[in-house]
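Heads up: the structure comes next, in C-alpha cells.
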Amino acid sequence: MEGQLNSRYVELNMGPQHPSTHGVLRLKLLLDGETVKNVEPVIGYLHRNAEKICELDYYCDSLIYFDRMDYVAAMNMEVGYLEAAEKLLAIEPPERVKWIRVIMAELNRLASHLVWAGAFGLDLGMITPFFYFFEEREKILNLFTEICGSRQETNYMSIGGVYQDFNDKIIFKIKQFLKQFPKKMEGAYSLFIKNDIFLSRTKGIGILEPEVALSYGVTGPMLRASGVPYDVRKDAPYLVYDKLNFDIPISKGKDVLARCIVRFEEMRQSVKILNQALDKIPDGPYFNPKAKKSLMIRLRGEGDVYARTESPKGEFGVHLVGDGTVKPYRLHVRSPAFKNLSVLPFLSRDVLIADMVAISGSIDLVFGEVDR
Amino acid sequence: MPYEVKEEAGKDGRKIFLIQKENFLELMTDLRKQGYDHLSLITAVDFRDRIELVYHLQKSASNFELLTVRTVTYDSTIDSVTSIWESANWDEREQYDMMGVVFRGHPNLKRILLPEGWVGYPLRKDYDLSKNQYVNMDDEGNDRVSFDPGDGW
Amino acid sequence: MKTGDAGFITTTLENALEWGRSNSIWPFTFGLACCAIEMMATQASRLDISRFGSEVFRNSPRQSDLMIVSGTVTKKMAPRLKRLYDEMPYPKYVIAMGVCVIQGGPYNQGYSVVMGVDRVVPVDVYVPGCPPTPEALTHGIMLLQDKIRKREGK
Ligand code: SF4
C-alpha cells in the first residue's frame, strides 16, 4: 500500500498534549470512521533519566526521585524503594516505623485513587465529582503538611526510619479525617454509580481476560478487576501488612466499570487498614541509630536485591544492584503503569474513540512513572 | 533436562537460576510450561565487559512466587522472549533503548523512551553525560536529534 | 497628556484594556508532571483560581493567553512545547512553574531534561518550588496581573 492513497482509514494523532491523555501520552490512531482500528502509544515525553541520576547519588538521595516517579503516591514509592534499599544495606527499621509507613502509604493510596477518580470523571465529561474528590484529597495533603512539611512530594521517609515522629495530635487528626471520609466518598461515588450515562459508557467496555492480562504483565486494580486476586500486600507481605485484617477486592466484570468499582472498594479497605493501624501503633524509636543522619551517606551495599510492593497502580518493583560503594551500581524500576499501558493497543481494537478514552482513563496512568 | 541450570539463593532469599546464554530460550520455554505466566521485569546490568540480564518471573497459580533467571552476554545480544510473554515486548524495547541490548527475534525493536536517532545508550557506564544532544521536530512531527542546538534552542 | 485630548483618551482606553485583560487570563492547561497536579489543585475547591478570573482552563492554544508550564520539560517535549506556544494568539504570557521548568531542578545532572524552559520560550513569571504550593501559583498569577496592568516590557 506504500505510496497509495488509502481513503478508508484515517490516521489521527492524539497528544502529547491532550486533556484526556493524563499528561504527555501520544497516541497514533488508525481510524475507520469513528472506530479505532489500531493504536500505537508513543511514550517518553517525560523521560527524566531518574535511573541514571540515582547511580550518581548516594543511596539516601535517590529517595527524592522516587517521590517524583508516581507523583500522586509519593509515600508508596518511598516504601517501595526503602524495601529494596534496606534489604541491600542490611538495616532494619524499628517496629514503630513500620506502622507509620503503613499509615502514610495507605493515606497516600487514598489520595492517589481520589485523583484518579476525579480525572476519570473529567475524561467522561463529569466535572462535578472532581471537586468533591479533590476536596477530600486536600484534607489528606493538609495532614501530610502537618506531619512532614510538604504537600505532595513529601520525602518523609529515610533509610531506617522516618524524619519525624507521630504525636497524639496527628493520630487524633487522622482519626477525625477517617470519621468523615467514608460518608463523603460514598456520596461522590454515587454520582458515578447511579448515573446512567456513566454506566452505559463503562459497562462492557474494554474487556480484559485474565490470561491476557497476565501475559501483558498487568497488575494492580486492573488485574484484580479481571478476577485475579493478586496483591503484594497479601501474597508477599512487607512491613506489617500480615498483622492487619483486610480483604482484596476482586471483580468478575473485567471491564472499565469493574476497575472503577475495585478502586473504590480498595479505598474502603484502606480506611479499614488505617483504623486498625492507628489503634495498634506501638511506641518506640522512629529511626534506626545505625542510619542516623550523619552516617547515612556512608552506607555501603553489595549484591543485588529485588523488592516488590503494592503501589496504587499495581506491583511496584525495585531491582537494586550494589558494588560495595556508597552509590547504587544499577537501579531499575518495574513501573506498573508502564506495563498496564502496554495493554492499551490490545484493548482498544475496534472500539469507538470515546470508548478508548474511557479505557485509557481506567488504566490510571501517571507519566512520571511510565517514563521515569 | 538437556541443559545445565545452576541454582542459588539471592541475598534476599529469592530463588535464582543461572543459565548459559545458549540454552536461555529453552529454559524460558520450559518455565512457561511449568506455569510461570507472569514476566515481571527484565533488567540489564552493565559490567563494562559484559552485560548481565536479569528476568523476574512469577507463577500465578502459587501466590505469584518469584523466580529470578540470570544470564550473561558478552556481545550484547540475546534471544527475545516476546513469543512467550507479551509483556516482554515493551520491556525489551526499554532495555534496548537504555542499554543497547539487541534482542534477536523481537518484532519491533526500536527506541521507546528516547527519540529515534539518539546517539549512545544512556544507562551504560561509558555514556558521556557532558555532551548535550538536542531534539528538533520536522513538519511531519518526527524527531531530529543533533549535537548542535540549531533552530529554536 | 501633552499631545491633547485624543492622546489622553487612547491611554485610558489602553489602560482599561489591560485592566480587563489582566482580570480575564485564560490559562492553557500545559500539565506535564508533578506540578500539574498542584495546578489542578489550584483550580479545585480550596484555592479557587476563578476568584482571579482565570478559571477557564482551555485545552486549545488558540483560545488561551497564558501558558502555565508545569512540570519537567524534556528534550523530546520541547519542540512540541514551542509549537504550541507559537500557536497561541498575542498577547501571550508564560508562567514557569516549578524548579524543573526554571533550571532543570532535581534532574539537571541528566541527559534528557531541558535546563530551563526559557531556552525555548520567553518566560514572564517564575514560580519556584518543587512543587510550588497552589498558594504560590496563585501569587504568581497575581504578579502577572500586576505586570500586565503596569504594561511592563511593552
Ligand atoms: S519542579 Fe518538582 S514537582 Fe515540579 S515537575 Fe519538577 S520535580 Fe516535579
Side-chain angles (χ1 to χ4, degrees), chain A residues 13 26 28 40-47 49 51-52 55-56 83-84 87-88 90 210-219 223 228 230-232 234-236 301-308 315 317-319 321-323 329-335 338-339 341-343 346 370-372, chain B residues 10-14 16 32 36-47 51-52 54-68 70 82 84-91 93-95 97-99 108 111-116 118 122-125 127 129 135 140-141 143:
Chain A
N13 184 42
R26 174 173 167 209
K28 280 192 201 163
E40 192 195 336
V42 183
I43 59 173
Y45 292 100
L46 195 57
H47 177 58
N49 50 61
E51 285 173 8
K52 183 77 180 178
E55 287 175 14
L56 308 175
E83 278 297 304
K87 263 188 213 166
L88 187 77
E211 304 81 48
V212 181
L214 282 171
S215 153
Y216 272 95
V218 172
T219 48
L223 183 63
V228 183
Y230 173 43
D231 189 316
V232 188
K234 272 274 193 252
D235 286 316
E302 191 156 17
D304 79 323
V305 292
Y306 179 74
R308 42 184 178 154
E315 179 201 327
V318 178
H319 185 210
V321 183
D323 62 344
Y329 189 74
R330 169 84 163 103
L331 183 146
H332 192 210
V333 173
R334 181 209 194 272
S335 70
F338 180 75
K339 291 293 184 69
L341 176 62
S342 72
V343 79
F346 174 84
V370 175
D371 297 344
R372 277 153 287 153
Chain B
K11 195 176 175 180
D12 48 352
R14 74 208 143 108
I16 301 180
R32 175 72 186 86
Y36 285 95
D37 47 4
H38 190 252
L39 171 64
S40 193
L41 183 67
I42 303 177
T43 314
V45 189
D46 177 21
F47 287 104
I51 285 183
E52 190 182 82
V54 188
Y55 292 70
H56 286 98
L57 308 176
Q58 288 167 348
K59 198 183 207 168
S60 67
S62 58
N63 279 352
F64 285 81
E65 86 182 323
L66 200 65
L67 172 74
T68 309
R70 201 188 260 175
T82 32
I84 311 177
W85 295 280
E86 287 286 352
S87 75
N89 191 332
W90 279 28
D91 260 344
R93 276 177 71 188
E94 191 200 331
Q95 292 315 312
D97 190 355
M98 295 287 126
M99 278 289 189
N108 180 24
R111 289 193 182 265
I112 186 166
L113 295 177
L114 290 170
E116 276 305 320
W118 193 271
L123 282 184
R124 288 216 179 178
K125 292 287 170 190
Y127 182 79
L129 277 177
V135 182
E140 250 117 68
D143 301 301

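Per chain, numbering begins at 1; letters A, B, ... match sequence-line order.
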Any donor and acceptor pair, going by atom type alone, linking the side chain of A:Lys339 with main-chain N or O of B:Ser40 inside 3.5 Å? yes
Can you tell me how far the NE2 atom of A:His319 sits from the CD1 atom of B:Ile42, to the nearest 0.5 Å? 12.5 Å
Spacing of B:Leu129 atom CG and A:Asn49 atom CG [to the nearest 0.5 Å]: 8.0 Å
B:Arg70 versus chain A, the contacting section by heavy-atom distance below 4.5 Å: side chain
Return the minimal non-hydrogen interatomic distance between B:Ser87 and A:Gly217, and the atom names on each side. CB-N, 3.7 Å
Can you measure from NE2 (A:His47) to CG (B:Asp97) and round to the nearest 0.5 angstrom? 7.0 Å
Per-residue contact mode, A:Asp323 against chain B (heavy atom under 4.5 angstrom): neither
What residue, out of B:Asn63, B:Asn89, B:Ile16, B:Ile84, has the most heavy-atom pairs lying under 4.5 Å from chain A? B:Asn63
With the threshold set at 4.0 Å, does a side-chain nitrogen-carboxylate oxygen contact exist between A:Arg330 and B:Glu52? no
Just how far is it from atom CZ of B:Phe64 to atom CG of A:Asp231, taken to the nearest 0.5 Å? 10.5 Å
Considering only heavy atoms and a distance below 4.5 Å, find which of B:Met98, B:Gln58, B:Glu65 pairs most often with chain A. B:Gln58
Chain A: which of B:Arg32, B:Arg111, B:Gln95 shares the most heavy-atom pairs with it under 4.5 Å? B:Gln95
Using 0.5 Å steps for rounding, measure from the CG atom of B:Asn108 to the CD atom of A:Glu40. 7.0 Å
Given that the side chain runs from C-beta out, which part of B:Leu39 has a heavy atom under 4.5 Å from chain A: side chain, backbone, both or neither? backbone
Approximate separation, where rounding is to 0.5 Å, of B:Glu94 CD and A:Arg372 CZ: 4.0 Å
Flag the one option from B:Thr68, B:Leu66, B:Val54 with the top tally of heavy-atom pairs under 4.5 Å to chain A. B:Leu66
Donor-acceptor under 3.5 Å (B:Lys125 side chain, A:Tyr329 main chain): yes
Can a side-chain donor-acceptor contact be found between A:Glu315 and B:His38 if the only test is distance below 3.5 angstrom? no
